[in-house]
Protein chains: 2
Amino acid sequence: MAGKRVFPRSLQYLLAIAEHGSFTRAAEALRVSQPSLSQQIKQLEESLQSPLFSRSGRTVRLTNAGEIYIRHARRARGELEAGRRAVHDVQNLSRGSLRLGWTPITDYLTCSLLEDFNSRYPGITLKTLEMPQGDLEVAVAEDSIDVGIAFGKPFSGESPSSEIQTDLLFEETLCLAVGNAHPRAGQQVRMSVQEFGRESLALLNTNFAMRHHIDQYCLEHRIAPNVAIESNSLNVIIEMIQFGPLATVVPKSIVRTQCGLYSINLSPEMPRKAIILFYRNVGYMSPAVLAFSRLASDWSVRRLTQTPIRKRRPCPLAEAP
Amino acid sequence: MAGKRVFPRSLQYLLAIAEHGSFTRAAEALRVSQPSLSQQIKQLEESLQSPLFSRSGRTVRLTNAGEIYIRHARRARGELEAGRRAVHDVQNLSRGSLRLGWTPITDYLTCSLLEDFNSRYPGITLKTLEMPQGDLEVAVAEDSIDVGIAFGKPFSGESPSSEIQTDLLFEETLCLAVGNAHPRAGQQVRMSVQEFGRESLALLNTNFAMRHHIDQYCLEHRIAPNVAIESNSLNVIIEMIQFGPLATVVPKSIVRTQCGLYSINLSPEMPRKAIILFYRNVGYMSPAVLAFSRLASDWSVRRLTQTPIRKRRPCPLAEAP
DNA sequence: TAAACTTATAGGAATTTCCTATGGCTGGAA
DNA sequence: TTCCAGCCATAGGAAATTCCTATAAGTTTA
């Protein structure tokens with residue numbers, strides 16, 4: 001079935017004849033009749049407008065042109081063979097690439113997933129691209145990225161889009177986060193909504209979906225958040241919080257991975273939001289995407305059961321170009 | 001007729017589709033029907049056991065495997081195109097090689113022919129091989145050299161061998177040669193055979209055809225040559241002659257090209273011997289051989305009319321490996 | 001929902017490749 | 001010299017492949 005080779009017959013014959021030094025022996029080796037070789041070589045010679053073999057008497061020898069041409073033919077064969085192996089490697093996940101899009105918030109939460117993927121499939125180049133959450137959906141749909149990782153309910157738009165597969169990675173609760181210097185640092189009791197309204201906050205700006213969740217929570221509980229600083233960089237906000245009197249709202253997991261941050265639960269709790277993985281589910285799916293989604297579901301299970309938290313700075317992969 | 005391209009259809013289609021981003025447009029550009037492309041690509045994908053294009057909706061895009069494979073396909077196409085050009089170059093004499101066999105005597109006489117050839121066809125590699133005259137015939141017949149240059153009547157053997165073409169380059173008279181220090185240096189009058197018999201000679205050994213000519217001459221005139229030194233290197237002999245009292249017998253032209261040598265004609269004259277070019281004339285003849293024989297006949301005509309003699313040391317080409 | 005557009009499929013036509021049989025030529029053996 | 005064995009070329013029909021027309025199935029746009 002798949003035994004069809006793409007390398008041209010004429011060149012295959014050329015190489016065989018040169019190797020065996022004889023049409024007849026080459027024909028035997030190739031399991032075809034000798035006239036087939038004569039014909040193919042004749043056509044090739046006509047195509048190149050030059051004899052490739054010097055036939056005189058009982059011996060067949062490459063001409064000067066033949067010697068030169070055969071080198072190129074060999075290299076062409078090598079290229080096609082290498083191409084075949086390379087495709088095979090992609091299927092085996094020992095090569096390839098995967099383009100990942102995520103938001104500046106989710107990168108804090110799923111960086112270790114990328115590390116796992118990279119150590120499991122070191123041959124696959126990971127290309128990560130940070131972008132606003134709204135763009136992720138578009139990017140996946142138009143195939144400019146392979147997979148997206150989003151925070152909060154995705155695809156809030158009109159189309160439920162059966163073409164896009166979404167997998168739940170885990171759920172996350174938003175909480176108030178403060179630094180060492182904050183008077184509430186280490187507080188165990190829940191904070192009321194009213195108290196929350198009085199905190200000076202450093203928040204992501206309204207381009208971010210997470211901010212909308214926060215604003216929505218405030219609206220529902222009829223308070224106005226006291227926003228001292230807005231930024232489009234979560235990094236900046238965390239730096240601000242860490243050693244100052246301001247507070248912010250982030251997923252609880254982020255607090256656990258950052259040194260010098262303390263979480264304070266609210267009462268009533270902020271809504272739980274899902275971290276989800278999504279990718280195109282129509283037509284061809286690359287082995288890398290399948291492998292990533294498989295690994296991600298393992299990873300989310302492990303995360304829920306074991307929750308091995310390492311305190312650290314943001315993962316460097318998240319800042320790669 | 002010669003419009004047949006060797007590059008596989010399937011790859012040609014693959015590249016066209018990738019370039020146009022569409023089966024339909026590629027089919028238009030290639031002037032074939034669109035189903036042909038579908039079919040070829042399908043077969044290629046089956047052969048590689050991997051999809052190469054991601055078809056979803058109205059857009060066609062290379063898969064990861066496709067992107068990787070197409071690079072190799074492009075390189076293979078480049079190789080075959082380069083091979084085609086290279087063969088063309090050989091036909092145009094802008095590339096190729098020519099293997100020349102000659103004897104240690106003829107190299108002194110035809111070195112400038114090689115220089116002419118090299119300056120006329122600088123892309124053709126000249127490979128010269130010195131060998132005994134008897135071997136030249138065999139080497140040409142079995143195609144281990146392309147052309148031979150011999151001194152004296154060639155192919156004295158049984159077969160007139162209609163397969164070998166021989167061209168006369170020029171005729172050459174043997175003469176006595178002496179150096180500066182020799183008492184006869186500069187003598188204009190002819191030397192008798194008896195006087196010749198009394199000269200102390202440095203001669204090539206009997207492996208050389210020229211030596212046989214000399215011995216034959218002596219035999220015919222009933223003298224015994226007075227051989228002081230034998231050598232298998234003409235170079236050695238000329239060095240010996242140049243500053244000492246010995247004499248030797250060489251073609252007259254050699255004397256004219258060597259500093260400090262003087263020629264003395266014999267009476268009766270030694271027989272004129274031909275310098276000839278010979279090469280296989282059956283089956284395929286490489287453009288380089290044809291060009292060499294063409295140039296050689298020009299060169300021999302020019303040599304006879306103009307005879308531009310340059311005094312110099314032996315041509316370095318003659319000593320090339 | 002219809003119209004426009006794109007790729008896939010099916011089946012027969014056209015082309016190419018292949019095989020058998022044979023011819024011509026060369027080189028070695030009788 | 002003559003014959004025979006070995007090798008490549010040629011011819012013509014068989015087999016396989018490629019190609020084309022017609023059409024289906026699907027998506028996108030109006």
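As a basis for the values below, the full set of heavy atoms in this structure was taken, side chains included, without hydrogen atoms, waters or symmetry mates. In what follows, every chain begins at residue 1, and chains take the letters A, B, ... in the order their sequences are listed.
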Filtered N/O pairs between nucleotides 16-25 of chain D and protein, under 3.5 Å:
| from | atom 1 | to | atom 2 | distance (Å) |
| --- | --- | --- | --- | --- |
| D:dT18 | OP2 | B:Gln43 | OE1 | 3.2 |
| D:dC19 | OP1 | B:Arg9 | NE | 2.5 |
| D:dC19 | OP1 | B:Arg9 | NH2 | 3.2 |
| D:dC19 | OP1 | B:Tyr13 | OH | 3.1 |
| D:dC19 | OP2 | B:Gln40 | NE2 | 3.2 |
| D:dC20 | OP2 | B:Ser33 | N | 2.8 |
| D:dC20 | OP2 | B:Ser33 | OG | 3.0 |
| D:dC20 | OP2 | B:Ser36 | OG | 3.0 |

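Looking only at side-chain heavy atoms (C-beta outward), A:Arg55 and A:Ile41 come within less than 4.5 Å of each other. Residues A:Phe292 and A:Leu100 are in side-chain contact: their nearest non-hydrogen atoms beyond the backbone lie under 4.5 Å apart.
When the P atom of C:dT7 is taken as reference, atom CZ of B:Phe53 falls 10 Å away, rounded to whole Å. Rounded to an integer number of Å, the gap from CG of A:Leu62 to C1' of D:dC8 is 16 Å. Rounding to whole angstrom units, CZ of residue A:Phe23 and P of C:dC18 are separated by 14 Å. If you measure from atom CD1 of A:Ile41 to atom C1' of C:dC18, you get 15 Å, rounded to the nearest angstrom. Rounded to an integer number of Å, the gap from B:Leu37 CG to C:dT7 P is 9 Å. Between A:Glu45 atom CD and D:dC8 atom P there is a gap of 13 Å when expressed in whole angstrom units. Atom CG in A:Leu52 sits about 12 Å away from atom P in D:dA9, given to the nearest Å. For the pair B:Arg55 CZ and C:dT9 P, the computed distance is 9 Å after rounding to whole Å.
Residue contacts for A:Thr59: at a heavy-atom cut-off of 4.0 Å it reaches no nucleic acid atom on any strand shown.
At a cut-off of 3.5 Å, with distance as the only test, a side-chain donor of B:Ser50 or A:Gln91 sits close to an acceptor on the other residue. A donor-acceptor contact closer than 3.5 angstrom is absent between the side chains of A:Ser300 and A:Ser297. Side chain to side chain, A:Ser56 and B:Arg280 meet the donor-acceptor criterion of an N or O pair below 3.5 Å.
When atom types are taken as modelled, the side chain of B:His212 and the backbone of B:Thr206 share a donor-acceptor pair closer than 3.5 angstrom.
An OP1 or OP2 oxygen of D:dC8 is reached within less than 4.0 angstrom by no side-chain nitrogen or oxygen of A:Lys42.
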